[in-house]
Amino acid sequence: MTALCLVGLEPARAVDAVNVRTDAAAIDLTGVVELQTTEADRVQVSTAPGTDGIIRRIEVRAREASNNWAVFALANSGDEQIDRLIVVPHYQMVGSGMLWPDLGLSRVVNITPSSGDRPDRQDSATADVFRVTLDPGTVITYVLELRTDRVPQLYLWEPDAYKDKVNSFTLYHGIVIGIAGLLSLFLTILFVVKGSVMFPAAAALSWAVLVYIGVDFGFWGKVFDMSAGAERVWRAAGEAILTATLVVFLFAYLNLNRWHVRYAHITAGWLVFLAALVAVALFDPAVASGIARLSLLFVAVLGLGVVIYLATHGYDRAVLLIPTWLLLTVWVFASGLTIGGFVTNDIVAPALLGGLVLIVMLIGFTVMQHAFAGGVTHGIVSDVERRALALTGAGDMIWDWDVSADKVFTSPETEAMLGLKRGTLDGPAAQWLEVLHPHDRDRFRAALDGVIEHRRGRLMQDFRLRTPDGHYLWFSLKARPVVGTDGEVVRLVGTLTDVTEFKTAEERLLHDAVHDNLTGLPNRQLFIDRMEAALGFSKADTTIRPTVMVIDLDRFKQVNDSVGMAVGDSILLTLARRLGRLLKPQDTLARLAGDQFGLILLSEKESNAIIAFAETLRKTLRAPIAFNDREIFLTASVGLALADGQTSKHEDILKDAELAMYHAKRIGGDRIEVFKPAMRARKTDRLTLESELRRALEREEITLLYQPIMRLEDRSVAGFEALARWDHPKMGRLSPAEFISVAEEIGLIVDLGLFALERTARQLGIWQRASRTRVPLFASVNVSSRQLLRHDLIHDLRTVLARAGLIRGTLKLELTESLVMENPEHAAQMLQRMKDLGAGLALDDFGTGHSSLAYLQRFPFDTIKIDQSFVRMTSRGTRPVILRSIVALAHDLGMEVVAEGAETESDTVELYQMGCEYAQGFVFGEPMTAEDARALITVERAAAVR
């Protein structure tokens, strides 16, 4: 220690001295301690003013190269010498913290006084204790060299008072540890005696609590002479183990595996996570302890919810556990208040640990209720009584036939169910034949005769019994013969069960398996089966010439989207009934798919009659369908295939009819087409295209190209428009015009749209992070009507934006005028929600639709895209007028303008002079891959830097 001032060290200001009274047993110095951190291994301190009023300056050098210090001053204004103990606890639950808690260790390396003898360190496993002596009339400043950057508590104790406090807490700790040890031992013995899974879980919990409070009370440190660092590891591991045993107990006691197998998976995963925490505690006890404390809170709250939920569902174990688990939850919240520093009493921590032992004791009492509940069953149940009890519990009816007396007895419930008088079914076995269904009588009689003849076996028979009103109920009879001493069957005894509901459900399932649920018509499987039968008949009888028709409604998906699914189903049902009225008994009408019907025509054999029938069918479908105050008109494309005796497989003739139908649809719809072999020779048909398009996404054949959109002011890349391409393995690269309409009809446009949205957003994020320009890049994606009508679009958009992390407004969704005007009210709501999520909105192909300017003001578009037909107009006098009008309108509405179809340099100059902000077209480059687009951005950025 020296009084010199070194260069580079800034001395602390003088501290205020705390007057030590002889009548004070303990003084809390925590609030008056000044903490300092230095860069060097020494500190300069200005002492408290002495009795002479002089402030001195001292310098203290660290013994362990520490740079954390604490300073306080004590004054003895009396005329007696005072001996006191400076006490700094190693670990305090109070204020230790939830995340990265302070688990405590030896905090004070050394104490240096400003004058007098150096304080003597006293032996203590739970605190840093130093004995100091204050002479009368002295003021001494103490500098504490710290191992940590904080001092949670610092007390000045009168030695005897501190000894009494330590002794009292030692006695309390011993009592609590003793109770916890006895409880753990008792629950372990209970587990050995009973063996149920809940008892080892309760025993493990009690041992975990014993270990935890033993560490907290410093008991294990005294027994095993652990270092301060080892105690931190044990404390963190103990908290993780305590949480794990609580999870195991809750799972075992409530038998959660019986409720759902997912509970077992969650519990196993949780235990693996907590086991990993024990390993983490070896390297970073603070992190492990913080996570374990959060897990304990989660277990308490979630466990309380599970217990209450199961209790409300009548689970007795959960009802008994509610008070105990509620107390545990209160204990967890009280502990949270304590470690958060909201409750600072010295007694609260020992009280909480004692309360934890009491909670485990309550858990033990709850477990013992189940261990000894119900007592012991007295008496022995005979085999006959056991069988009678089982029969009563099963709820079956008795059926007994005394063969020698030819008398049948059945339970009164049988006659009550059938609505018969008591005793109607008691009598000769032949009497049962009168109430049996005619189709079941011979089978029933033969079964009885077979058992009597063979004198062994088991009778299992399902039959129907008639009620007085004429309908039948199904019963299942299970009986065995009783053989007498002479080897003959004397009785036939068994049970009778009502299986009417099961049989009805079975018949319904068989019907539903081959019929359409909506229309009741045969489904595709039954249609094919009947078609095979018809083809078989045609081979045996040449006069039979089956005709297969496939009927597909035109644009029904658009009708379904506009009026709703419920009305669409009603329309299908109406059309099915209309078609059914045209058929004769030998014909078959089936529903093959959503809006597709199949027909096997056997009643007409001549070609002219078949075509006339098909024309009548087409006109029937064209008749308007009334819906509220409007009429809906539908047309259909009909494909015919005639069996010529050479077609051996039903798949071929059905495919031929479908090819003819798709040919009719392709050339405009509302037509009848007869199959011709030339249709089969097409390079690709509609069916093939549909099936291949469904697999195109899975095979990654759909790719995105990006056409640059240029800023006309400085000819820099402002963004890109995403354009889909299909790299067909046989036909090469297909443009959207060749497959988008097919995707819309078969419902695949939603998957394609989501694919384009996700891929473009991810790519835009990569570009934005790579370019980091002052004005961020944007990208545009087209939205179809099917996507806009889906409520899932908002959820999909929210997910895409959250994952990509894009700048707000840079992912633009392009919608056409005709699309938003199909349902302007719905479109306005959806667009506003998309805008609120952070997406940009562009009105595509502006000027080509039939929009209303009044509605246009309501839509929250930020960009208008001028259709390329206006940019490429050959009339040079008209084009500038139209383009200027559109640009002026967009600017008045607060929107930016993108012109499509710029092909020459003169186009770009003229568009810029008109006030157009952006343009895209082949003059700036064709659609390119994502890699080429990134290279373009990189080159432009490098040029800007130069």
Side-chain angles (χ1 to χ4, degrees), residues 374 376-514:
V376 180
T377 303
H378 297 283
I380 300 175
V381 180
S382 67
D383 185 64
V384 175
E385 291 172 332
R386 187 177 291 110
R387 289 174 180 270
L389 289 172
L391 185 62
T392 303
D396 293 339
M397 295 162 281
I398 299 172
W399 190 87
D400 179 20
W401 180 30
D402 187 344
V403 178
S404 57
D406 191 19
K407 184 177 181 180
V408 176
F409 170 80
T410 185
S411 300
E413 294 88 349
T414 308
E415 295 158 333
M417 293 178 66
L418 292 170
L420 302 175
K421 294 182 180 179
R422 180 71 184 95
T424 302
L425 297 178
D426 292 344
Q431 187 175 330
W432 274 64
L433 299 178
E434 299 177 3
V435 295
L436 278 169
H437 193 281
H439 294 168
D440 300 332
R441 291 172 184 171
D442 292 339
R443 187 162 46 87
F444 180 73
R445 184 189 296 110
L448 295 182
D449 293 341
V451 172
I452 294 175
E453 180 181 352
H454 293 92
R455 302 182 182 88
R456 57 187 175 82
R458 185 178 181 184
L459 177 63
M460 299 182 67
Q461 190 77 237
D462 291 344
F463 48 76
R464 289 159 286 186
L465 296 178
R466 189 181 66 248
T467 63
D469 58 4
H471 75 276
Y472 290 87
L473 299 180
W474 277 94
F475 289 87
S476 178
L477 174 62
K478 298 178 182 179
R480 285 184 180 277
V482 179
V483 181
T485 56
D486 56 356
E488 298 294 330
V489 176
V490 296
R491 305 186 80 88
L492 197 60
V493 183
T495 60
L496 203 62
T497 307
D498 179 17
V499 293
T500 304
E501 291 185 2
F502 173 78
K503 288 290 185 179
T504 303
E506 185 180 35
E507 292 174 359
R508 183 64 182 174
L509 285 174
L510 290 174
H511 179 273
D512 290 346
V514 292

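Positions are given from 1 along the sequence.
A distance of 3.0 Å separates CG in Asp498 from CE in Met417, rounded to the nearest 0.5 Å. Expressed to the nearest 0.5 Å, how far CG of Leu420 lies from OG1 of Thr467 amounts to 8.0 Å. To the nearest 0.5 angstrom, Leu448 atom CG is 6.0 Å from Leu459 atom CG.
Not a single side chain to side chain donor-acceptor pair (under 3.5 Å) links Trp399 to another residue, sequence neighbours left out. For Gln461, the side chain to side chain donor-acceptor pair (under 3.5 Å) partners two or more places apart in sequence, or in a different chain, are Arg443. Contacts of Val490 classified as side-chain contact (heavy atoms from CB on, under 4.5 Å), with partners at least two apart in sequence or in another chain: Val482. Remark: Asp442 engages Arg445 in a salt bridge (Lys or Arg N to Asp or Glu O under 4.0 Å) (not counting sequence neighbours).
For residues 424-438, the set of pairs meeting the side chain to side chain donor-acceptor pair (under 3.5 Å) definition, not counting sequence neighbours, comprises Arg422-Asp426. Every pair tested for salt bridge (charged side-chain N to carboxylate O under 4.0 Å, His left out) that includes a residue from residues 465-485 fails, sequence neighbours excluded, so the list is empty.
Annotation for Tyr472 and Leu436: closest pair CE2-C, 4.3 Å, computed over non-hydrogen atoms. Trp474 approaches Thr500 most closely through the heavy-atom pair N-OG1, 2.9 Å. Across every non-hydrogen atom of Asp462 and Lys503, the tightest pair is OD2-NZ, 3.5 Å. Across all non-hydrogen atoms, the minimal contact from Pro481 to Val489 is CB-CG1, 4.0 Å. In this structure, Pro468 and Gly419 approach most closely via the heavy-atom pair CG-O, 3.4 Å.
For CZ of Phe409, the number of neighbouring non-hydrogen atoms (other residues, nucleotides, ligands) closer than 6.0 Å is greater than 12. Around atom NE2 of His439, no more than 12 heavy atoms belonging to other residues, nucleotides or ligands sit under 6.0 Å away.
Distance alone, capped at 3.5 Å, places no donor-acceptor pair between the Thr495 side chain and the Met397 backbone. A distance-only check finds a donor-acceptor pair linking the side chain of Ser411 to the backbone of Ile398 [under 3.5 Å].
Two residues are said to be in side-chain contact when any heavy atoms from C-beta on lie closer than 4.5 Å; Leu477 and Leu496 meet this criterion. By the 4.5 Å heavy-atom criterion applied to side chains, Leu425 and Leu418 are counted as neighbours.
Of the residues listed (Asp400, Val483, Val403), the one engaging Arg491 in a side-chain contact (heavy atoms from CB on, under 4.5 Å) is Asp400, and it is the only one.
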Using the side chain to side chain contact (heavy atoms under 4.5 Å, CB included) rule, take Val493 and Trp401 through it: C-alpha gap first, then chi angles, then the decisive distance, then the call.
CA-CA 6 Å; Val493 183; Trp401 180 30; over 6 Å; no
